[in-house]
Number of protein chains: 2
Amino acid sequence: MATSTSSLRVVPNTLSLRERVTQVLREAILNLHFEPGEKLVERRLCEETGVSRTCVREALRHLEAEGLVRRTPTRGMFVSEIGPDEARQIYEVRSVLESAMTRQFVERATEKQLTALIAAFRRVEVTSSGKDYLAYARALEKFSACLMEGAGNEVAHQILDMLSARITYLRTITARAANGEQDSVLALRKVIKAVQQRDADLAEQASRDFVQNSATFALQVLLKNSAEAAER
Amino acid sequence: MATSTSSLRVVPNTLSLRERVTQVLREAILNLHFEPGEKLVERRLCEETGVSRTCVREALRHLEAEGLVRRTPTRGMFVSEIGPDEARQIYEVRSVLESAMTRQFVERATEKQLTALIAAFRRVEVTSSGKDYLAYARALEKFSACLMEGAGNEVAHQILDMLSARITYLRTITARAANGEQDSVLALRKVIKAVQQRDADLAEQASRDFVQNSATFALQVLLKNSAEAAER
DNA sequence: CATTATCATTTTGTATACCATCATTCAATG
DNA sequence: CATTGAATGATGGTATACAAAATGATAATG
């Protein structure tokens, strides 16, 4: 097994064009450079990004899988509008998956993986006080990645990665207030605590609470928004 | 709301070419028309399917998302080889998600959705005695769909749909013995029972057992296979 | 003979042009 | 003023081209 310990593997660090286009479009959506519900016309995206239609189309398909855009046959792609109901579903899935993986982490992770998780948590703490949303989002994703790694479940990792696109989107849409992040970090600290104590039940519950914390906040804002929209 | 009651809506029943190509390739993989690990050369697939490269590529990307094929940059697509470790991960995720959704079903489903679930279960029973694997697989997918519908979580549904491709694949690879299905149906009946009694805890546990049942079987076979492969 | 270097072929990744079909817009018409 | 219907624009799909990388075969070298 040459791969496990001292991997000499050279990682191809040059992202393919399609991947870079995907990134650019994803960030554009997350930064609200496009409005929710806006139609994304391929030809226009080609001009704006300066790449071919082939590439743009493939990138859009990927974003469709992530749930950031939706396709209506023969009518085109639209930026997703994520309402309260879909948000609830997303958080439900995330809660269930992430808490289960937290439990697995407690039961399976090595010391090294634990220190990695703690380091990732530190980064979350640091970025949470700053003003860069996306840095905070990336720190959370990294934390999640460490969790999945220690839990030994790459499949779950991929699924949560897909979901995290929409979750970050929700964070942006609901334009979470500053203390929202502080609460989150607080809840996350409890997770870390429980994990360090190797208390699987407590860790699972803390993880559930952590997601619940984000969920209730986002849902409040979304419900208020959709109520206002209904009034008009 | 013109769509809800007397829907004259003409559903675009013509699947797009890309979708049909995806189906064809998926079934080809599931039927082991391609071997696990085999390289899928685009040009060859174009000839075999009679469609353009663009279409084939898009279909392959979809299958990649489903985990049935894997891509190595600039080297191409390969039919997935799903080993014991990945199988464990898949079943873990499925167990966690499906049992949670079973609980939600108990808590949220309407009478109508319950009867739909029971009907789906009947189909599982019927197909389990027959010899058509894929019919059985479809019946299970339909059951899962009813479950998600009643649980009110379309997001979870989509995720499990993605996973189900690989699960069906695992069933094929492990060429499950006939009484394996009987055991499964037995375990599934317990789920139905618990759901009918509206016992959320019991239903969740029964659902977990049901998946566990499939998982242990598949893992046994896979471990034996990979042990044999290691000997050689 | 084993290894290295060279070179031709194949394949992927991307770009471009093209067409048929479906949607949308908007003006003509009654 | 509502309808019809033609012009415009977008998508889904095809064919082709080409650079860069991978693969495979063959020649050169120690």
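Chain letters run A, B, ... following the sequence lines, proteins first, then strands; residues in each count from 1.
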Notebook entry, point to check: Once you round it to whole Å, what is the distance between P of dT24(C) and CZ of F78(A)?
Noted result: 8 Å
Check: Are E38(B) and R44(B) ion-paired here, with the side-chain N under 4.0 Å from a carboxylate O?
Finding: yes
Next item on the list: Map L40(B) and P73(A) onto DNA chain C by nearest heavy atom, then report which one ends up closer to the 5' terminus.
Entry: L40(B)
Next item on the list: Would you mind reading off the distance between R75(B) atom CZ and dT23(D) atom C1', rounded to a whole angstrom?
Entry: 9 Å
Notebook entry, point to check: Are any side-chain N or O atoms of R26(B) and backbone N or O atoms of A165(B), one a donor and one an acceptor, separated by less than 3.5 Å?
Noted result: no
Check: Do R171(A) and E141(A) meet the salt-bridge criterion of a basic N to acidic O distance under 4.0 Å?
Finding: no
Check: Are any of the side-chain nitrogens in R61(B) or E58(B) under 4.0 Å away from the carboxylate oxygens of its partner?
Finding: no
Check: CZ of R53(B) versus P of dT16(C): gap in Å, rounded?
Finding: 16 Å
Note to self: So, does R71(B) get its side chain near the phosphate of dG13(C), meaning an N or O under 4.0 Å from OP1 or OP2?
What the structure shows: yes
Item checked: Non-hydrogen atoms of S144(B) and E98(B) that approach each other most closely -> OG-OE1, 3.9 Å
Notebook entry, point to check: Quick one: which of dT11(C), dA15(C), dA15(D) gets closest to the side chain of R43(B)?
Noted result: dT11(C)
Checklist line | Rounded distance in Å - CD (E58(A)) to P (dA15(C)) | finding: 10 Å
Margin query: Expressed as a whole number of angstroms, how long is the span from M77(B):CE to dT11(C):C1'?
Written below: 13 Å
Notebook entry, point to check: Among dT14(D), dA10(D), dG12(D), which nucleotide sits nearest the side chain of S52(B)?
Noted result: dT14(D)
Notebook entry, point to check: Rounded to whole angstrom units, what separation is found between the CG atom of L17(B) and the P atom of dG13(D)?
Noted result: 5 Å
Note to self: Measure CZ/R57(B) against P/dG13(D) and give the value in whole Å, please.
What the structure shows: 16 Å
Margin query: Quick check on DNA chain C: between T54(A) and T72(B), whose nearest nucleotide comes earlier from the 5' end?
Written below: T72(B)
Note to self: Given dA15(D), dT11(D), dT14(C), identify the nucleotide with an atom nearest to the side chain of R18(A).
What the structure shows: dT14(C)
Item checked: Atom-pair distance (CD on E19(B); P on dG13(D)), nearest Å -> 8 Å
Next item on the list: Establish, with yes or no, whether the OP1 or OP2 oxygen of dC22(C) is under 4.0 angstrom from a side-chain nitrogen or oxygen of T74(A).
Entry: no
Notebook entry, point to check: Under 4.0 angstrom, heavy atoms only, what part of the nucleic acid is L60(B) near: base, sugar-phosphate, or nothing?
Noted result: nothing
